[in-house]
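Step one of this worksheet: look at the structure below.
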2 protein chains.
Amino acid sequence: MVKLTDVAAKAGCSVTTVSRVINNYGYISQKTRKKVHEAMKELNYQPNSVARSLQGKKTKLIGLIFPDVSNPFFGELVSKIEDRLFKHGYKTILCNAGNDKEKERTYLQMLMANQVDGIIAGAHNLGIEEYQRTGLPIVSFDRKLSDNIPIVSADNFKGGSLATQELYNHGARHIYFVGNPTLDGHPTQKRLLGYKETIEELKLTEHIHPVIFNETLALKEMAIRDLLENHKVDGIVASDDLTALLILNISHDLGIHIPEDLKIIGFDGSKVVRDFEPRLSTIVQPIPSIAQLLVKLLEKRIDNPTEELDNYTYYLPVELLKRESSGN
Amino acid sequence: MVKLTDVAAKAGCSVTTVSRVINNYGYISQKTRKKVHEAMKELNYQPNSVARSLQGKKTKLIGLIFPDVSNPFFGELVSKIEDRLFKHGYKTILCNAGNDKEKERTYLQMLMANQVDGIIAGAHNLGIEEYQRTGLPIVSFDRKLSDNIPIVSADNFKGGSLATQELYNHGARHIYFVGNPTLDGHPTQKRLLGYKETIEELKLTEHIHPVIFNETLALKEMAIRDLLENHKVDGIVASDDLTALLILNISHDLGIHIPEDLKIIGFDGSKVVRDFEPRLSTIVQPIPSIAQLLVKLLEKRIDNPTEELDNYTYYLPVELLKRESSGN
DNA sequence: TTAATACTGTTATTCGTTTGACATATAGAC
DNA sequence: GTCTATATGTCAAACGAATAACAGTATTAA
């Protein structure tokens, strides 16, 4: 490993001078600066960031805690966040926490031990205290961790409402919400609330058919099959796109025609689903904006940890993508 | 930040003793060991891994360089790799290199500066030398980087062959390969070769219809539309599942019946596609096994950098998943 | 000529942990 | 009582870079 002293030797100057060039302080002549830069280039020198960190410099490492990048939505979100972090000079430590509380806890410990500059948290296993205790700058996606941790979300409530209204507009009168029933604080809860409120406004009866996000595929399918076979339903607000796809597929199996017999709207609108399932109507979360805002807020916290933010909750606008499955 | 000296004070012993407990060397009585562990727990102490690394200890950081986790296949692969790395005590630095040579180069520099213990490379922009020059343990997914860097792949050739044969068995006689045409070294090339050889064995004519992986959706769609409208085709081997889905969708638009008029087999078989597009036949890559082997080989290289491997190329078996789209 | 400014070097300390060298103390074995 | 294995402590150097303090030289301005 080539080190500072090697560069100094090559450039024919002292380590202090090289350090002055790298960290840009004190007096340095253009001539020396150039010489040092040349030496660094020739030796392909990279300051050892481990040593720099120990000296108190920032590590430029950010921990990303999300459920699982194999889910297209989180995959895309993580991808966008990573991209923005990179542009701002940060490196991403990926932590797929799944539903594993213990894993998430271990990750948190590990991120602290690695002196990360901050954390973007999108998984939802742990309570408030553990995140608080890190003493690190944190921003959260889609869930309240504590009073002084900013949350970025899509406007889930509005999404739930929009979807319900759209189904109604296309003639549906027996509209079900299919997905996680009200789990305290879970983001899909707001979608459900949006559904509920709109159902009430429309003077319809609300129907909630639980399909748990973490369940196995077979169990989810059973629940959906039960719904479609045994209930009078002509419209479905799904809590997420994958659930919507499942409903689409099972409807097909059962000979239910979409959208004539049944109209469906999903939620999330990741690019993959939008591009490769062009029949599915969905509420699109603005993933790039979410990523951008998360990184912006985090950087603000890092650069100025004590400053109070003017806002701790951010709802980004969702968009209704009208496709065939909802009757368009 | 709690540090070693704090633990020593709390436990009422010297730092050396604490270090002996942590690093497990020298003589330590059970009594002291317990006292130290209690102190660590009480103070919620985590050894500063930055300082440890500087001392020459391993960083337990692994760089993952892949095109993009928003692609379901890479999302799942990265997810599985991350999971295995975690189990082995490693942390994952995620590098989405896209098709950006410059970004990949920057990443490589960065990973070196951060003293990662090793790299798993699955992106395909850079030449041999830059990876060689890192002097780090590296394993590669699906592409040859150099003679002494082990490669793990699915058996792409076999996959291309299987798919072609299956289409033939179901009566297709005008079988096209749709996807990347032969790009030197690209993994899909082997799929194409498998297709070609089988076509020859079957005494059919080969047809290659280029649809470039990196192109925009619109251009891909144009290329596929052209194929379906202007060519006599009754079977398609797609270079990947997303291309296959596109073909499925466009066929639907054009009133082409699957599988009666046209049979299609995709490639990759990520869980998302398998679960949520149950009509699509596909060649399934064994993603968990790939992840497992990549991590195993990397760890071997890390623990024993000089040891020659008995094998530098690993082909993992693929599986044909027979669904409706290929005539089942 | 004097003084100020610009530039570079020397030296030493710091970050938190690891570890080797060495001293000392206690316990049990013979 | 002596020897040895076990247990703990003190001290110092190292990892690579940052930087403060200070010394010294060169250049420029007044």
Side-chain angles (χ1 to χ4, degrees), chain A residues 1-40 43-61 109-117 135-136, chain B residues 1-40 43-61 109-117 135-136:
Chain A
M1 228 338 95
V2 28
K3 59 178 83 163
L4 203 60
T5 49
D6 301 326
V7 177
K10 183 99 187 175
C13 62
S14 69
V15 288
T16 306
T17 302
V18 177
S19 182
R20 285 200 258 252
V21 170
I22 292 173
N23 297 289
N24 212 49
Y25 72 97
Y27 291 118
I28 282 290
S29 69
Q30 280 311 312
K31 219 183 74 193
T32 326
R33 174 166 281 137
K34 196 169 156 237
K35 250 188 352 190
V36 170
H37 276 131
E38 274 165 4
M40 291 202 293
L43 297 173
N44 193 28
Y45 171 75
Q46 282 283 115
N48 181 328
S49 60
V50 167
R52 305 191 86 191
S53 307
L54 191 55
Q55 247 302 313
K57 295 268 170 191
K58 301 227 169 298
T59 56
K60 289 285 172 181
L61 285 171
Q109 295 278 341
M110 178 274 274
L111 292 176
M112 288 173 67
N114 278 276
Q115 313 286 112
V116 297
D117 291 343
L136 287 169
Chain B
M1 229 337 95
V2 182
K3 60 178 82 163
L4 204 60
T5 50
D6 302 326
V7 177
K10 183 99 188 174
C13 64
S14 69
V15 288
T16 306
T17 301
V18 179
S19 183
R20 283 200 258 252
V21 171
I22 293 173
N23 298 290
N24 212 49
Y25 72 98
Y27 291 116
I28 283 290
S29 69
Q30 280 312 312
K31 216 182 76 195
T32 325
R33 173 167 283 136
K34 194 169 156 237
K35 247 188 354 193
V36 170
H37 276 130
E38 275 164 3
M40 292 201 293
L43 298 173
N44 194 27
Y45 170 76
Q46 281 285 114
N48 181 328
S49 62
V50 167
R52 306 191 84 188
S53 307
L54 189 56
Q55 250 301 315
K57 293 270 173 191
K58 301 230 170 296
T59 56
K60 289 288 175 179
L61 285 171
Q109 294 278 341
M110 178 274 274
L111 291 175
M112 289 172 67
N114 278 276
Q115 313 287 109
V116 297
D117 291 343
L136 286 170

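Just so it is clear, the values below take in all heavy atoms, side chains as well, and ignore hydrogens, waters and symmetry mates. Reminder, nothing fancy here: chain letters follow the sequence lines and each chain counts from 1.
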- Sugar-phosphate, base or nothing in reach of B:S14, heavy atoms under 4.0 Å: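 Base contact - B:S14 has a heavy atom under 4.0 Å of at least one base atom.
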Are any non-hydrogen side-chain atoms of [X] and [Y] less than 4.5 angstrom apart?
X      : Y      : answer
B:V21  : B:T32  : no
B:V116 : B:L136 : yes
A:V7   : A:L43  : yes
A:K34  : A:K31  : no
A:Y45  : A:I22  : yes
A:Q115 : B:N48  : yes

- Separation of A:N114 atom CG from C:dC15 atom C1', in whole Å?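 Those two atoms, CG and C1', are 16 Å apart.
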- Item | Nearest-Å distance for atom pair NZ/C1', residues B:K31 and C:dT26 |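 To the nearest whole Å, that distance equals 11 Å.
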- Take nucleotides 13-30 of chain D nucleotide by nucleotide from the 5' end and write B, S or -, depending on whether a protein heavy atom sits under 4.0 Å from the base, only from the sugar-phosphate, or from neither. -BBBBBB-----------
- Full working for side chain to side chain contact (heavy atoms under 4.5 Å, CB included) between A:Q109 and A:M112: CA-CA 5 Å; A:Q109 295 278 341; A:M112 288 173 67; 5.6 Å; no
- Query: So which pairs with a foot in residues 8-29 of chain B pass salt bridge (Lys or Arg N to Asp or Glu O under 4.0 Å), sequence neighbours left out?
  - Reply: B:K10-B:E42
Would you tabulate the pairs of protein nitrogen or oxygen atoms and nucleotide nitrogen or oxygen atoms of nucleotides 2-7 of chain C closer than 3.5 angstrom?
from: C:dA6; atom 1: OP2; to: A:Y27; atom 2: OH; distance (Å): 2.6

